[in-house]
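Let me begin by presenting the structure, written as structure tokens, before commenting on it.
Naming convention: chains lettered A, B, ... in sequence-line order (proteins, then strands); numbering from 1 in each chain.
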2 protein chains.
Amino acid sequence: MPQFRALDKLDRKLLNQLQKDNQIPTRTLAEKLHISQPTCLRRIRDLRDVGVISADVSVVDPSALAFGMLAFLEVSLVNQSDEFMHDFEARMNKEAEVMQCYFVSGEYDYFLVVHVIDMDAYYQFVRRVISGSGNVRHFHSRFPMKKTKFTTRISFDEKAEELQVKVKK
Amino acid sequence: MPQFRALDKLDRKLLNQLQKDNQIPTRTLAEKLHISQPTCLRRIRDLRDVGVISADVSVVDPSALAFGMLAFLEVSLVNQSDEFMHDFEARMNKEAEVMQCYFVSGEYDYFLVVHVIDMDAYYQFVRRVISGSGNVRHFHSRFPMKKTKFTTRISFDEKAEELQVKVKK
DNA sequence: GCTGAAATCACACATTA
DNA sequence: TAATGTGTGATTTCAGC
């Protein structure tokens, strides 16, 4: 039962800023947006309370890891009943190497982005998690050579009048 | 000329924590890890200074957006000279809808993850950015039905003795 | 939106290994 | 000598008005 809420221009400006830097003092941010510091703080707290901001985190630069590689992994299951799919998804959720998992239409059932230290670690991962899972019919690996863009930032239009969003609370 | 730096157990514990929550007071975090507050702060500041922590951000829950959809887009270029590839990558970097872009081996040159408000917006995006770019030979869209996992968290082994990472400064 | 109390951050210095 | 811990002043957060 999703409730809805409107984000006004100020909310969207705050979100655009906080997605770049959430350590900026509320006072500095308030000055930037020409509002008072308590208003700024209240808005931010509200966005967190209702779940529009779901977390506040440090971002670790993946390229800092001396030896890291990515793999795309397409997987089709033997048994696609709800129970087995749920099982597979739960398993991927547990594995730290799995950065992203999508349920897709087409030839394969799942598309995974896997992050490992090197090719040997990838081989170990595939044997342990994929081919060893008992419910994988077929899988296929592809290796991106370079990540040229990666962002989690959602850009909000700061001019539009109003935007409706679903909220948790 | 990448410099290297060792991350000890404490660094890795801090990184694991801060990737979940970077708003925790340094004092609370220090108590958790049985160190003093200034030590905790110093280590964190250092991890930021050397670039292991590349940013500190708020995470917006994408499912809060009332109408959002994802698309996978595979693109092959007409001209693969360095100049044109650089050009394409720079263009994708500018477009807010492009969440991820990878240079891949195989049939296509690039794999994109695109986030738009609805199918019409996707059509507009493709016409404007992809088929309208002048250097795209072929492209192909796939639509993930469900994002079952998405994380940017890199999990560090807190038991291993030492880990070398590349640093910027 | 303003003000003030409580908490957090951030520094200089002493201490330890 | 390099890194940790102690104590203290400056900032920031956050509630009441």
### Message
Going by the rule ring-ring contact (aromatic ring centres under 6.0 Å, His included), which residues pair with B:F84 if we only count those two or more places apart in sequence or in a different chain?
### Response
none
### Query
Under the side-chain contact (heavy atoms from CB on, under 4.5 Å) test, which residues partner A:R42, sequence neighbours left out?
A:P38
### Task
Would you please name every residue forming a side-chain contact (heavy atoms from CB on, under 4.5 Å) with B:D120, sequence neighbours left out?
B:D118, B:Q124
### Task
Go through A:D109 and A:R137 one step at a time and tell me if the salt bridge (Lys or Arg N to Asp or Glu O under 4.0 Å) criterion holds.
CA-CA 10 Å; A:D109 295 324; A:R137 182 170 58 82; 5.8 Å; no
Could you list all N or O pairs between the protein and nucleotides 14-17 of chain C that sit under 3.5 Å apart?
none

Quiz: residues 24-32 of chain B side-chain donor-acceptor pairs under 3.5 angstrom, not counting sequence neighbours:
residue, atom, partner, partner atom, Å
B:T26, OG1, B:Q37, NE2, 3.4
B:K32, NZ, B:Q17, OE1, 3.4

## Note on the structure
5'-most to 3'-most nt of DNA chain D touching chain B (<4.0 Å, heavy-atom partner on protein side) reads D:dT4 to D:dG7
### Message
Output the rounded distance in Å from CD (A:Q23) to P (C:dT8).
### Response
15 Å
### Message
Checking A:K149 now: which residues fulfil side-chain contact (heavy atoms from CB on, under 4.5 Å) with it, not counting sequence neighbours?
### Response
A:T151, B:N93, B:V98, B:C101
### Task
List in chain and number order the residues that pass side-chain contact (heavy atoms from CB on, under 4.5 Å) with B:E83, two or more places apart in sequence or in another chain; answer none if no residue qualifies.
B:S81
### Message
Going by the rule ring-ring contact (aromatic ring centres under 6.0 Å, His included), which residues pair with B:F156 if we only count those two or more places apart in sequence or in a different chain?
### Response
none
### Query
Among all residues two or more places apart in sequence or in another chain, which pass the ring-ring contact (aromatic ring centres under 6.0 Å, His included) test with A:F88?
A:Y110
### Query
By ring-ring contact (aromatic ring centres under 6.0 Å, His included), which residues pair with A:F139, not counting sequence neighbours?
none
#### Entry: Neighbours of DNA chain D within residues 30-45 of chain B, by heavy-atom distance under 4.0 Å
B:I35, B:S36, B:P38, B:T39, B:R42, B:R43
